[in-house]
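Mind having a look at this structure? Questions to follow.
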Amino acid sequence: MKIDIKKTTKGNSKGLNAVLKSLLVAMFIMAGTSTMSAQKSNSKGEDARARVTGLRYICVHVLELEKTMKLYREILGFKLSNAEILHGPGLEGMLVMKMKANDLEISLSLTAPEFIDTVGPIGNTNHNHFMLKVNDIEPIGDMLKAEGYELENDNYAKDKYTFFVGPNGEIIGLSSWGE
């Protein structure tokens with residue numbers, strides 16, 4: 001952008017003031033943006049640009065199987081791509097149905113009857129959540145902890161996943177599996 005100050009100043013000081021104010025505002029915005037996006041390194045030499053790279057999946061816990069299947073299959077057009085029964089503490093007998101619509105995958109989880117009372121809170125696997133793919137979970141987990149978020153899995157760096165509750169009560173999973 002080129003401004004001819006000689007033409008602008010002749011009888012139009014208000015125009016010059018407006019242009020100068022606009023330039024100052026633009027400079028502050030650009031300075032703030034470049035500061036936020038500047039590369040920083042922590043003491044381990046890791047790139048601080050750890051970020052979300054995509055959506056891994058969405059998990060919905062099924063309370064009404066018939067209505068859920070009608071919604072996702074008949075109305076929304078998802079197709080069943082896989083189903084498995086999970087085993088382990090807190091998830092024994094949980095049926096997980098992977099539903100696909102193009103490149104979107106949703107997991108529908110039907111909790112075993114003996115664990116139905118555990119559905120909901122973080123700290124177990126029986127909660128509605130979405131799992132985000134991240135390129136480096138450790139710096140993101142560290143930043144979340146520094147901001148006061150409680151992480152469900154303190155071994156997130158080794159295990160490459162964790163869950164936390166967002167500021168709106170949403171349960172967010174982070175995963176760097178395969179990254």
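On a predicted model such as this, the values are computed, not experimentally measured, just so you know. All residue numbers in this chain count up from 1 along the given sequence.
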Exercise for the section: Please examine the side chains of Leu95 and Val62, heavy atoms only from C-beta on, and report whether any two atoms are closer than 4.5 Å. Expected result: no
Exercise for the section: Please tell me if the side chains of Leu144 and Ile140 come closer than 4.5 Å, counting only heavy atoms from C-beta onward. Expected result: yes
Handout entry: Heavy-atom side-chain proximity of Phe163 to Met131 below 4.5 angstrom
Key = yes
Fill in the blank from the handout: Only residue of Ile75, Leu76, Leu80 satisfying side chain to side chain contact (heavy atoms under 4.5 Å, CB included) with Phe78 is Leu76
Fill in the blank from the handout: Residue set satisfying side-chain contact (heavy atoms from CB on, under 4.5 Å) with Lys70, at least two apart, ordered chain then number -> Glu74
Practice task
Drop me the distance from Ser175's OG to Lys133's NZ, to the nearest 0.5 angstrom.
Solution key: 9.0 Å
Exercise for the section: With the side chain counted from C-beta on, respond yes when Thr53 and Val134 share a heavy-atom pair under 4.5 Å apart, and no when they do not. Expected result: no
Exercise for the section: Find out whether Lys145 and Asp154 are in side-chain contact, i.e. whether some heavy atom of one side chain is under 4.5 Å from a heavy atom of the other. Expected result: yes
Exercise for the section: Give a yes or no on whether Glu84 atom CD has more than 12 heavy-atom contacts from other residues, nucleotides or ligands under 6.0 Å away. Expected result: yes
Problem - Atom pair CG (Leu174) and OG1 (Thr162), whose distance is rounded to the nearest 0.5 Å - result: 7.0 Å
Practice task
Side-chain contact test, heavy atoms from C-beta onward, threshold under 4.5 Å: evaluate it for Val60 versus Tyr72 and give yes or no.
Solution key: yes
Practice task
Could you tell me whether His129 and Phe164 have their ring centroids closer than 6.0 angstrom?
Solution key: no
Exercise for the section: Quick one: pull up CG in Asp136 and CZ in Arg51 and give me the separation to the nearest 0.5 Å. Expected result: 10.0 Å
Problem - Donor-acceptor contact below 3.5 Å, side chain Asn135 vs main chain Ala50 - result: no
Practice task
State which residue, out of Met99, Glu105, Lys98, fulfils the side chain to side chain contact (heavy atoms under 4.5 Å, CB included) condition with Tyr57.
Solution key: Glu105
Practice task
Identify the heavy atoms of Ile172 and Gly166 that sit nearest to each other, and give their distance.
Solution key: CD1-CA, 4.3 Å
Completion exercise
Rounded to the nearest 0.5 angstrom, the NZ-CG distance for Lys160 and Asn153 is 12.5 Å
Practice task
Please confirm whether the backbone N or O of Tyr161 pairs with a side-chain atom of Asp159, one donor and one acceptor, at under 3.5 Å?
Solution key: no
Problem - Backbone of Trp177 reached by a side-chain donor or acceptor of Arg56 within 3.5 Å - result: yes
Problem - Worked check of side chain to side chain contact (heavy atoms under 4.5 Å, CB included) between Leu71 and Glu64 - result: CA-CA 11 Å; Leu71 171 65; Glu64 296 187 42; over 6 Å; no
Fill in the blank from the handout: In this structure, OG1 of Thr68 is separated from CG of Leu63 (nearest 0.5 Å) by 7.5 Å
Handout entry: Sub-4.5 Å side-chain heavy-atom contact between Leu151 and Tyr156
Key = yes
Problem - Euclidean distance, Leu110 CG relative to Met69 CE, rounded to 0.5 Å - result: 10.0 Å
